[in-house]
Asker: 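Take this structure, written in structure tokens, and hold onto it; I'll ask about it next.
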2 protein chains.
Amino acid sequence: MDMTTKLIAAAEQLFDRHGYMATGMDRLTEAAGMSSRTLYKHAGSKAQLMARVLTERDRRFMARLEVRTVDALFAALEDWVWVEGTRGCLFLRSRAETGGDTPEIAEAVASHKAAFHRRIEEVVAADLGREDPVLAEQVLVLIEGATHAAVYRGADAVSAARAAAAILIERART
Amino acid sequence: MDMTTKLIAAAEQLFDRHGYMATGMDRLTEAAGMSSRTLYKHAGSKAQLMARVLTERDRRFMARLEVRTVDALFAALEDWVWVEGTRGCLFLRSRAETGGDTPEIAEAVASHKAAFHRRIEEVVAADLGREDPVLAEQVLVLIEGATHAAVYRGADAVSAARAAAAILIERART
DNA sequence: TGCAATGTAAAACGAACGTTTTACATTGCT
DNA sequence: AGCAATGTAAAACGTTCGTTTTACATTGCA
């Protein structure tokens with residue numbers, strides 16, 4: 001396993017479970033199993049490391065959203081929550097933790113959320129046979145809501161969102 | 001203006017805008033306009049201060065949700081977002097920043113979210129004339145979603161959620 | 001009049017922060 | 001055989017962290 005890969009995987013785990021600011025570099029070097037010298041050679045800085053973590057997570061998350069129907073979007077979200085757990089959206093959390101003042105992080109978040117929004121519009125259009133920006137916004141809100149409600153309401157939040165989306169889609173179709 | 005009130009107001013601003021971990025006590029004493037000795041006499045510790053901020057915010061937020069219809073719930077959320085801005089849910093954010101490992105904070109968050117869920121069930125029941133836990137869960141997801149989507153989508157997210165809720169309510173009524 | 005309460009200003013506490021440096025070992029290519 | 005690259009271990013960098021302490025001023029009530 002490549003050092004950079006190992007580092008990013010360890011960083012994602014710690015940042016996600018304990019928070020970006022609360023995770024010190026000592027804890028990170030230990031978890032990644034490498035010296036701080038090597039860590040900095042690969043990561044550059046803590047902020048750059050977080051940005052790489054986010055880029056990698058974007059890749060992994062967006063790959064799951066390569067679907068053709070809105071219902072499949074929620075099925076994918078259920079899988080994601082099952083695998084990754086329910087700790088909210090790491091993108092919004094990193095942005096909030098840094099007050100948006102860390103450029104590398106703010107940019108990674110912005111570009112992920114733009115891609116996320118675009119993807120939902122595409123899926124809604126494919127499912128409905130026409131574009132519907134308002135419905136897409138509602139689906140986006142339901143996914144974001146399921147992600148965050150699941151933190152304290154559990155997986156029920158995701159299935160509730162899925163059922164709600166089905167109703168909205170059905171209504172938009174007829 | 002009472003010292004404790006001034007302190008909590010300053011703390012809420014800084015914690016919300018820059019994050020809990022990223023806000024140092026020096027910055028806090030300066031913003032609150034008091035010595036660190038006085039600050040610690042009133043707050044006890046940084047974690048206790050955050051807990052009091054959350055308790056106060058819960059009071060202010062829940063007061064706005066004293067309504068009788070689901071649509072009024074979203075109108076209240078629109079007002080809240082207008083006044084307080086769109087930086088996501090401070091309760092979930094504090095919990096995430098501390099990994100749930102700070103008891104005072106974790107408890108304040110848990111009790112707020114429990115009250116929040118209860119209130120939505122009540123409003124849905126009042127609006128519909130009967131209890132509907134599934135619809136309540138969907139409304140909760142829409143509010144949580146609007147709160148977080150608004151961070152990058154703006155106020156449109158809230159009105160989209162409002163319209164979606166209207167459809168779900170209408171369908172549940174007939 | 002005098003004491004208890006409440007405040008400020010500022011230094012000090014040890015610990016932890018992100019990052020860099022020093023000194024050395026191992027590897028793989030030409 | 002020899003050099004460049006890549007790694008480790010560990011100390012040190014100066015800064016900032018949350019919190020406590022020391023010394024002193026002001027106020028309000030008995």
Asker: Specify the residues of residues 13-36 of chain A, ordered by number, for which at least one heavy atom lies under 4.0 angstrom from an atom of DNA chain D.
Answerer: G33(A), M34(A), S35(A), S36(A)

Asker: Side chains of H148(B) and C89(A), heavy atoms from C-beta outward: is any pair under 4.5 Å?
Answerer: no

Asker: So, is T38(B) close to the dT8(C) phosphate, meaning a side-chain N or O under 4.0 Å from OP1 or OP2?
Answerer: yes

Asker: Only pairs at least two apart or in different chains count here, so list each salt bridge (charged side-chain N to carboxylate O under 4.0 Å, His left out) that has a residue in residues 10-27 of chain B.
Answerer: E12(B)-R57(B), E12(B)-R60(B), D16(B)-R87(B), D16(B)-R93(B)

Asker: Please enumerate all residues that pass side-chain hydrogen bond (donor to acceptor under 3.5 Å, both in side chains) together with R162(A), with sequence neighbours excluded.
Answerer: D71(A), E78(A)

Asker: Mind listing the N/O atom pairs, protein and nucleotides 22-26 of chain C, below 3.5 Å?
Answerer:
unit_1  : atom_1 : unit_2 : atom_2 : d
dT22(C) : O4     : R37(A) : NE     : 2.9

Asker: Does anything in residues 1-8 of chain A reach DNA chain D, meaning a heavy atom under 4.0 Å, and if so which residues?
Answerer: M3(A)

Asker: Within the side chain of K46(B), is there an N or O that forms a donor-acceptor pair under 3.5 Å with the backbone of T23(B)?
Answerer: yes

Asker: With sequence neighbours excluded, what pairs up with T5(A) under the side-chain hydrogen bond (donor to acceptor under 3.5 Å, both in side chains) test?
Answerer: D2(A)

Asker: So, using side-chain hydrogen bond (donor to acceptor under 3.5 Å, both in side chains) as the criterion, who are the partners of K113(A) when residues are at least two apart?
Answerer: E144(A)

Asker: Which word best sums up how the rings of Y20(A) and F15(A) line up, parallel for under 30°, tilted for 30 to 60°, or perpendicular for over 60°?
Answerer: perpendicular

Asker: With sequence neighbours left out, what residues match H112(B) under side-chain hydrogen bond (donor to acceptor under 3.5 Å, both in side chains)?
Answerer: D58(B)

Asker: Over all heavy atoms of both residues, which pair between V139(A) and I120(A) is shortest? Give the atoms and the distance, please.
Answerer: CG1-CG2, 3.9 Å

Asker: Any salt bridge between R95(B) and E107(B), counting N to O under 4.0 Å?
Answerer: no

Asker: Do V134(A) and D156(B) have side chains that get closer than 4.5 Å, going by heavy atoms?
Answerer: no

Asker: Does this structure show an ion pair linking E56(B) with R59(B), if we count only N-O contacts that are shorter than 4.0 Å?
Answerer: yes

Asker: What residues form a ring pair (Phe, Tyr, Trp, His ring centres under 6.0 Å) with F74(B), not counting sequence neighbours?
Answerer: none

Asker: Any residue in residues 41-52 of chain A with a heavy atom nearer than 4.0 angstrom to DNA chain D? Just list them by number, or reply none.
Answerer: H42(A)

Asker: Given that both pair distances must be under 3.5 Å and the pair must be Watson-Crick or G-U, what runs of three or more consecutive pairs involve DNA chain D?
Answerer: C:2-12 with D:19-29, C:14-17 with D:14-17, C:19-30 with D:1-12

Asker: Report yes or no: do F61(A) and M50(A) belong to one cluster of Ile/Leu/Val/Met/Phe/Trp/Tyr joined by side chain heavy-atom distances under 4.5 Å?
Answerer: no

Asker: Under the side-chain contact (heavy atoms from CB on, under 4.5 Å) rule, collect the residues that match up with V123(A), sequence neighbours excluded.
Answerer: V67(A), V70(A), L73(A), R119(A)

